[in-house]
Amino acid sequence: MNTYKIASIPGDGIGNEVIPAGIEVLKMLEDGFRLEFEHFDWSSKRYVETGRYIPEGGLEKLKRFDAIFFGAVGAPDVPDHLSLWGLRLPICQGFDQYANVRPSRVLPGITSPLANGKDIDWVIVRENTEGEYSGSGGRVHQGLPEEVATETSVFTRRGVERVHRFAFQLARKRPRKHLTLVTKSNAQRHGMVLWDELFYEVAQDFPDVKTERILVDAMTTRMVLKPAAIDTVVASNLHADILSDLAAALSGSLGIAPTANLNPERKFPSMFEPIHGSAFDITGKGVANPIATFWTGALMLEHLGEVKAAARLMRAIEAVTAKKVFTPDLGGSARTGDVTAAVVAAL
Ligand code: IPM
Ligand code: MG
């Protein structure tokens, strides 16, 4: 029997509510395999107390796991750029999780703000280790009138090529075999032009995948007005960050959207997290939507090779959304525990 070692890092805010719910549901699916969770208290609370999110040697320790089940990071008492660079980015970048996969669909029972929301069946592939999130740049003459800040995007041939290749492989596996390249290569004339060029180089190895290129601003209108024209999407770190929030909102709520931070070569563990963040406005109220975490759990099971269990979990999630057991973000009055109990019952 396969035993998978999973590191759970609930992190901040509602991460501490949805991750336990996710573990409860995942444990129900053990059938022919086991999931062994080990908990890590890496969080803003720990940072405030000790000055570090990840203790010394922490990443080394994390390396030995088969996957990471992550909640959220971000707290009112720590500047956001410190929390992000203290916990999430060192894992994504340190473990070379370069393909960030963000599926969106309107689940049964859920209403999209779009009239034709049923047409949404997208997967956004976000470059996850460089680009606008490279951290390159600096500030000089701080506080003086002549202060200068630079924020340099870094696009490498290797980094761009591999995320394109990943996106083509994913698009090829989907029924419509359609991949949209999103850039801004009219205004950003260096890195984004490299993105375009490498896309068409890689495309030659995938003659069966239909391609399209669109600028990021036009993509926002495409998503709203012609959702059926989109299938798989590949975009840079920042562009895909923004588009995936829009995708989540169009599919009903940020509270349902999952994500997988993948190291496709499996040299390092991959990390699975709901995209909603720590949501301090609702923390402690017991109303966080656990669906994003459950869907994230399904992505994790798929990655571990437990495809049947993943499909079973998705069916249970859909049975519960169809019955409209909804938390407030979806217009209901169910609590995190009610939705969790309903999914457990469906399983
Ligand atoms: C996401 C989030 C993060 C990001 C935040 C929390 C920094 O918005 O995963 O999409 O921008 O990467
Ligand atoms: Mg985001």
Side-chain angles (χ1 to χ4, degrees), residues 2-9 11 19 22 26 33 35-38 40 42 53-54 57-73 84-103 123-135 154-174 179 195 198 202 232-238 240-241 244 257-275 293 295-307 310:
N2 272 334
T3 299
Y4 304 107
K5 291 178 57 176
I6 316 288
S8 96
I9 309 178
I19 290 297
L26 282 167
F33 66 92
L35 298 169
E36 202 179 280
F37 288 91
E38 187 174 326
F40 292 84
W42 302 352
Y53 278 89
I54 304 178
L59 283 185
E60 278 303 311
K61 190 157 182 225
L62 213 54
K63 252 186 211 162
R64 295 198 303 267
F65 286 81
D66 295 304
I68 304 162
F69 198 40
F70 187 90
V73 64
L84 180 64
W85 283 94
L87 184 55
R88 189 171 169 271
L89 289 184
I91 299 175
C92 292
Q93 298 187 351
F95 287 176
D96 218 11
Q97 295 163 347
Y98 63 84
N100 182 203
V101 177
R102 303 188 159 195
V123 183
I124 298 178
V125 177
R126 172 181 179 182
E127 198 294 315
N128 211 33
T129 52
E130 55 173 40
E132 307 88 344
Y133 282 57
S134 69
V154 174
F155 300 102
T156 64
R157 177 174 280 270
R158 178 179 146 79
V160 177
E161 209 225 90
R162 65 185 185 177
V163 79
H164 282 333
R165 198 163 288 283
F166 178 90
F168 271 101
Q169 273 154 2
L170 182 67
R172 176 178 265 174
K173 280 193 225 132
R174 289 170 51 84
L179 179 61
W195 262 73
L198 292 176
V202 174
T232 315
V233 178
V234 66
S236 71
N237 214 330
L238 180 63
D241 171 43
S244 59
T259 183
N261 300 281
L262 300 179
N263 172 246
E265 288 74 31
R266 295 171 189 260
K267 225 177 110 198
F268 300 99
S270 293
M271 178 161 73
F272 301 83
E273 59 173 336
I275 84 165
T293 300
W295 192 346
T296 295
L299 296 181
M300 185 168 79
L301 289 171
E302 248 170 54
H303 178 76
L304 293 171
E306 299 301 339
V307 183

Open item on the list: Does Phe155 form a side-chain contact (heavy atoms from CB on, under 4.5 Å) with Glu127? I'd like the steps, not just the answer.
Closed with: CA-CA 10 Å; Phe155 300 102; Glu127 198 294 315; over 6 Å; no

Return the minimal non-hydrogen interatomic distance between [X] and [Y], and the atom names on each side.
X      : Y      : answer
Ala240 : Ile124 : CB-CG2, 3.9 Å
Ala298 : Ala310 : O-CB, 3.4 Å
Phe37  : Ser8   : CD2-CB, 4.2 Å
Cys92  : Thr129 : O-CG2, 3.8 Å
Ala7   : Leu62  : CB-CD1, 3.6 Å
Glu273 : Gly71  : CB-O, 4.3 Å

Measure from the side-chain N and O atoms of [X] to the backbone N and O of [Y], and report whether any donor-acceptor pair falls under 3.5 Å.
X      : Y      : result
Asn261 : Met271 : yes
Thr232 : Val123 : no
Ser270 : Asn263 : yes
Thr259 : Pro274 : no
Asn100 : Ala260 : yes

Applying side-chain contact (heavy atoms from CB on, under 4.5 Å), name anything that partners [X], two or more places apart in sequence or on another chain.
X      : answer
Ile54  : Trp42, Leu59, Leu87, Pro90, Ile91
Pro269 : Ile68, Phe95
Glu60  : Lys63
Val154 : Ser134, Ser136, Thr156

- [ ] Test Arg126 against every option in Val234, Leu238, Asn237, Val163 by the side chain to side chain contact (heavy atoms under 4.5 Å, CB included) rule and name the one that passes.
- [x]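 Going through the options one by one, the only one that passes is Asn237.
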
Compare all side-chain heavy atoms of [X] with those of [Y] and state whether any distance is below 4.5 angstrom.
X      : Y      : value
Lys61  : Glu38  : yes
Ile9   : Tyr53  : no
Arg266 : His303 : yes
Leu304 : Leu35  : yes
Trp195 : His164 : yes
Val160 : Glu130 : yes
Leu262 : Phe272 : yes

Open item on the list: Listing request: all salt bridge (charged side-chain N to carboxylate O under 4.0 Å, His left out) pairs with a residue in residues 92-102, at least two apart in sequence or in separate chains.
Closed with: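 Sorted result for residues 92-102: Asp96-Arg162.
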
Task: All ring pair (Phe, Tyr, Trp, His ring centres under 6.0 Å) counterparts of Phe70, not counting sequence neighbours - done: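 Checked Phe70 against ring pair (Phe, Tyr, Trp, His ring centres under 6.0 Å); zero matches.
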
Task: ring pair (Phe, Tyr, Trp, His ring centres under 6.0 Å) partners of Phe168, counting only residues at least two apart - done: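 For Phe168 the ring pair (Phe, Tyr, Trp, His ring centres under 6.0 Å) partners, ignoring immediate neighbours, are Phe199, Phe206.
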
Only counting residues at least two apart or in another chain, list the ones meeting side-chain hydrogen bond (donor to acceptor under 3.5 Å, both in side chains) with [X].
X      : answer
Glu161 : Arg165
Lys5   : none
Asp241 : Tyr133
Arg157 : none

- [ ] Kindly compute the distance separating OH (Tyr4) from CE (Met300), expressed to the nearest 0.5 Å.
- [x] 11.0 Å

Task: Spatial distance of atom CD (Gln169) from atom CG (Leu179) [nearest 0.5 Å] - done: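 Here the rounded value is 11.5 Å.
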
TODO: Assign the ring pair Phe166 / Tyr98 to parallel, tilted or perpendicular, where the plane angle (0 to 90°) is split at 30° and 60°.
DONE: perpendicular

